[in-house]
Amino acid sequence: LIIAQDNDGASIQQVLAEMTNQRTVPNVFVNGTHIGGCDATYQAYQDGSLQKLLGDNQITEPYEYDLIIIGGGSGGLACSKEAAALGKKVMVLDYVVPTPLGTSWGLGGTCVNVGCIPKKLMHQAALLGQALQDSRKFGWQYEEQVKHNWEVMVEAVQNYIGSLNWGYRVSLREKSVTYLNSYGEFVEPHKIKATNRKGQVTYHTAETFVLATGERPRYLGIPGDKEFCITSDDLFSLPYCPGKTLVVGASYVALECAGFLAGLGLDVTVMVRSILLRGFDQEMAEKVGAYMETHGVKFIRKFVPVQQLEQGMPGRLKVTAKSTEGPEILEGEYNTVLIAIGRDACTRNIGLQTIGVKINEKNGKVPVNDEEQTNVPYVYAIGDILDGKLELTPVAIQAGRLLAQRLYGGSSKKCDYINVPTTVFTPLEYGSCGYPEEKAIEEYGKQNLEVYHTLFWPLEWTVPGRDNNTCYAKIICNKQDNNRVIGLHILGPNAGEVTQGFAAAIKCGLTKELLDETIGIHPTCAEVFTTMDITKASGQDITQKGC
Amino acid sequence: CRCRTRAAAVGTGRRPPPSVRALAASALPGKNEYDLLVIGGGSGGLACAKEAAQFGRKVAVLDYVEPSPQGTAWGLGGTCVNVGCIPKKLMHQAALLGSSLKDAQHYGWSISQPVHHTCVQNYVKSLNWGHRVQLQEKKVKYFNIKGSFSDPHTVRGLTKAGKETVITADNIVIATGGRPKYPVHVAGALEYGITSDDLFWLKESPGKTLIVGASYVSLECAGFLTGIGLDTTVMMRSIPLRGFDQQMASLVTEHMESYGTKFLKRCFPTKVEKLKSNRLQVTWKNADLGTEETDSFNTVMWAVGRAPDTKTLNLEAAGVKTNSETGKIIVDASEATSVPHIYAIGDITEGRPELTPTAIAAGKLLAQRLFSQSSELMDYDNVPTTVFTPLEYGCVGLSEEAAVQRHGSDNIEVYHAYYKPLEFTVAERDATQCYIKMVCLREREQRILGLHFIGPNAGEVIQGFALGIKCGATYPQMMKTVGIHPTCAEEVTKLHITKRSGLDATVTGC
């Protein structure tokens, strides 16, 4: 049949176009399945799908599962449930390697067990301590002595986490996802070995795999660190009050933990090697630190603990630290040393080299394309282990869900990693969306930006008369693009609640003009963004006078 | 007002420098004494006056507070700072802190019992709101007199010393706001009852309180009085929060009932008498049962609506038209009244939202149009607002009813969710009424018409989304926005159950 010569050629072409949206030839089909034109056929050959359609597959027996997900955290669970809802046979492997001190937890991953959830609850406990102080100024009367009981808090927090762990197991069962509390490791292509706590081994195969193993806290690599120190993995279920605490590191984990520990009334010191909150807007980061400092958190700058952490008197640790700038040595005694210097991806012991999945050797992270696919086509990765992506629960969930929809639901929607908002739950919360100021300058040039900023005083703080001229809001606008808002930063109470809506607005193309046109909600903190008139370039005073 | 006041004082870079404007002003001397006279020194009036002064114009402000029937009066600044938003939100905060005291114990704080509340009024009163108002700095002439028109360009009034003052101006802005109404046919209402004008300035705790009305003023006051431990009852004749989404309104009152506020529904008062004990005996009719009931209270507060303050203005002399039913001044899109050089802004205008930030924005824009060649009109669409009831209710855009009315129920899609704030879990608080509703058009793009949020910090949550809706946000765009975890606001970005589907809208897990 030669279309060009055949009388019916035009109508054949028309039917083909209707069927495949393709008018051109060649238009390749295999057993009725449409492949596409020449390029598409080559691509199908390269990614192996052509061979599979042609029955040229080496594994003749069918895979046990459509999808196996390694890691039952926020991203992995979201992906598994979505895939199961689309009718696929799915397995989730989740296994928590206990910390050096033996702490372990249930299904749900970092966020639920040793991350966002317990952190925010303990932050809330600390905020309530502040509320207790404020309440007297608002007319509430009770005995002066107020004490915090660590054990009561930890039990309440852990009870809630326990209910979430249970909820996840139930929902996996409801969605018919197979859950295995085992450690997964690739042994050959499409095949993993699963080892449970008792050492029993099973093997499972699947057509597709998703890596969602997340990260765990990094240790210092100095004598005594694993023996005597704790990390955030231990803190939230610590059965005793940590007492006088040294927090090593200046990550958001470090500052959040130091913040709520101080808020609960503990003596807290943060040891910082270089800058606070790397990657965040540095003006905001410094203000976060300054607020903590005025509220009792001590900072030791430019020191690293290089020498042994010795066990001194019972329940006391001796820390020896060395200046990063000179020969100065510092010694200190603490009840608890919390290490929060960063997190490492759990990718080096799951047999990735066996099946040829490439990782970034420097940080152990997995490079993926914009569809979360690794260099091995049937292996995908989501969440904190992705190279160059954001380590945030909602991002992992979105990526996981969209991946399942693309794999099994005929969707083409990709996860959008741009303008993702986030909030650091330090004593004074810091919410942000878009560019930090220094990044914006780097990208667009200072002359093309206009930065509006202001200090503000939450109405709720006026009666207790505390912390005037500490809360701060800043927006970064691109003058070359209609004053579009490319960065929004706020330091103040409920920063997370405030930032979320603005993030939605930034998604919709927010400009300074629209901010000016929008009516504020009075009296709130969020309304500050609708009345910003002072540019940073003007150098005008932004302090609040009176009251 | 705080923020707006300051913002007004600094100006923006877009306008011509004041010196240039000042020159232009003096080059065109009118026969009247002032370029602009503002009657009413509330949020809107002051914003307008200061903005005009910024352009080098000669501006005067008249402000006079007629004492309430109970004798309460206050200084410059209007309703918002003296008897509105500011004291209200502070008392709301006092009540929230009461909940915090209870929550704190679940979070490990041990507080010796019993906790009780003393009169918070003193704290609010001790704050000097006056010095937020920096008229002097802006060179605005301030008269503490009650003015009335004698012709379209002339306003007269007596000072406290009895001296007659005559002020003439090229442009006049009426911004006298509204005051609480008293019921007309209830014996003893005026004699024994108070209003929100008095509540924030009471020297003693109001004790057992009856609040009559179902406006947001009523519910907010009842909420914080309950919160500081007072026996509080709301009496309402028909529906709560008229004009707001009614599903949300019932959730708000439902929560207040579980919080301890008592409600007398479908009831209306007939008389108030003073007993020998000094308590007030209130008699009311129950419209459903047809019965008459009585109870005694320490305080009876009327929150049956607000009326515009126009009577003493002698508007007829100027020819300014009002709506005969509401008494409010009729204005066009540029805030002009029936007399072209006389304008009206704020709560006194017909058909405009009675909100501080709208009055301020309208006042500033008006001054810009009058004196700075601006043509920008105030956009009254999609104005967000929040009701500070114990569980706050924030909203922007259309209510579900209004959307159905405007577009038909087949053409709208309502996404909704019942969620539980993380902070409530450990505190073992009930979250039955924590609810979010997003009203969208149903056609493919699914533009968002309205967003409604009940939960803690609703005001802070809704502000940013209001911007999004202003930018024309669609449902898919909202879903593309990544959540901030763990917050209540992130639930908005995860709404996926439609009302039409009838599926359970309870959020489970993260």
Side-chain angles (χ1 to χ4, degrees), chain A residues 116-117 120-121 124-125 128 131-132 134-135 138-143 146-149 152-153 156 160 167 393-395 398 416 420-423 459-460 463 494 496-505 507-510 514 517-528 531 533-534 546, chain B residues 3-4 7 10 12 85 89-90 93-94 97 100-101 103-104 106-112 115-118 120 123 131-132 356-358 361 379 383-386 422-423 425-426 457 459-461 463-468 470-471 473 477-478 480-490 509:
Chain A
C116 324
I117 298 294
K120 178 98 190 265
L121 289 172
Q124 176 69 5
L128 286 168
L132 292 181
D134 284 0
S135 68
F138 277 92
W140 293 98
Q141 290 184 328
Y142 50 90
E143 204 183 272
V146 178
K147 275 200 189 118
H148 188 262
N149 184 316
V152 168
M153 176 184 71
Y160 176 61
T393 296
V395 174
Q398 188 139 334
D416 186 352
V420 171
T422 188
T423 296
L459 178 65
E460 294 78 2
V463 168
N494 301 305
E497 305 294 358
V498 172
T499 307
Q500 182 71 75
F502 288 98
K507 263 271 169 300
C508 305
L510 182 64
L514 274 159
E517 276 174 20
T518 295
I519 298 297
I521 299 176
H522 193 60
T524 61
C525 295
E527 69 176 326
V528 69
T531 57
D533 280 328
I534 303 183
Chain B
C3 307
R4 292 281 180 171
V10 293
T12 75
C85 325
K89 180 101 191 264
L90 288 173
Q93 176 68 5
L97 286 168
S100 296
L101 287 169
D103 286 1
H106 291 279
Y107 281 87
W109 294 99
S110 49
I111 302 155
S112 60
V115 174
H116 63 275
H117 195 267
T118 55
V120 75
Y123 295 96
H131 71 261
R132 287 204 172 132
T356 296
T358 48
D379 178 3
V383 173
T385 190
T386 295
L422 177 63
E423 295 78 2
T425 57
V426 164
N457 302 303
E460 306 294 359
V461 170
Q463 181 74 74
F465 288 108
L467 256 312
K470 192 133 195 149
C471 300
Q477 278 174 320
M478 199 61 92
K480 260 181 103 178
T481 306
V482 176
I484 299 178
H485 193 58
T487 60
C488 295
E490 71 175 323

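Each chain gets a letter, A, B and so on, in the order the sequences are listed, and its residues count up from 1. Nothing here was measured: the structure is a model prediction, and the numbers come from that model.
- Using a 4.5 Å heavy-atom cutoff, the side chains of A/Val152 and B/His106 are not in contact.
- Atom CG of B/Leu467 and atom OG1 of A/Thr518 lie 4.0 Å apart (nearest 0.5 Å).
- Only the side chain of A/Gln398 comes within less than 4.5 Å of a heavy atom in chain B; its backbone stays farther off.
- In terms of heavy atoms, A/Ser135 sits closest to B/Leu101 at OG-CD2, 3.8 Å.
- Nearest heavy-atom pair, B/Ala94 versus A/Trp140, reported as atom, atom and distance to 0.1 Å: O-NE1, 2.7 Å.
- At distances below 3.5 Å, at least one donor-acceptor pair connects side-chain atoms of A/Gln500 with backbone N or O atoms of B/Ile484.
- Using a 4.5 Å cut-off between heavy atoms, B/Thr386 touches chain A through backbone and side chain atoms alike.
- Annotation: maximal heavy-atom pairing with chain B below 4.5 Å, among A/Gly167, A/Cys116, A/Gly509, occurs at A/Cys116.
- Closest non-hydrogen pair, A/Pro394 versus B/Gly483, comes out as CG-O, 3.2 Å.
- In plain terms, the two heavy atoms of A/Ala504 and B/Met478 that are nearest each other are CB-SD, 3.6 Å.
- Counting heavy atoms from C-beta on, the side chains of B/Val482 and A/Pro421 come closer than 4.5 Å.
- Ranking B/Ser110, B/Gly459, B/Gly468 against chain A, the residue ahead of the rest is B/Ser110, based on heavy-atom pairs under 4.5 Å.
- Using a distance-only test at 3.5 Å, with no hydrogens or angles considered, no donor-acceptor pair links the side chain of B/Gln463 to the main chain of A/Gly501.
- In this structure, CG on A/Leu510 lies 5.0 Å from SG on B/Cys471, to the nearest 0.5 angstrom.
- The two residues B/Trp109 and A/Val146 have their closest heavy-atom pair at CE3-CG1, 3.7 Å.
- B/Leu422 contributes atom CG, which lies 8.0 Å from atom CD of A/Gln124 (distance to the nearest 0.5 angstrom).
- Between B/Lys470 and A/Glu517, the closest heavy-atom pair is NZ-O, 3.5 Å.
- Rounding to the nearest 0.5 angstrom, the gap separating the OG1 atom in B/Thr425 from the OH atom in A/Tyr160 is 5.0 Å.
- Remark: the backbone N or O of A/Pro523 is paired with a side-chain donor or acceptor of B/Lys89 at under 3.5 angstrom.
- Atom CG of A/Asp134 is separated from atom CG of B/Leu97 by 6.0 Å, given to the nearest 0.5 angstrom.
- Between atom NE2 of residue A/His522 and atom OG1 of residue B/Thr385 there is a gap of 11.0 Å, rounded to the nearest 0.5 Å.
- A/His148 contributes a side-chain N or O that, together with a main-chain N or O of B/Tyr107, makes up a donor-acceptor pair within less than 3.5 Å.
- With B/Glu460 contributing its side chain and A/Val498 its backbone, the two residues share no donor-acceptor pair below 3.5 Å.
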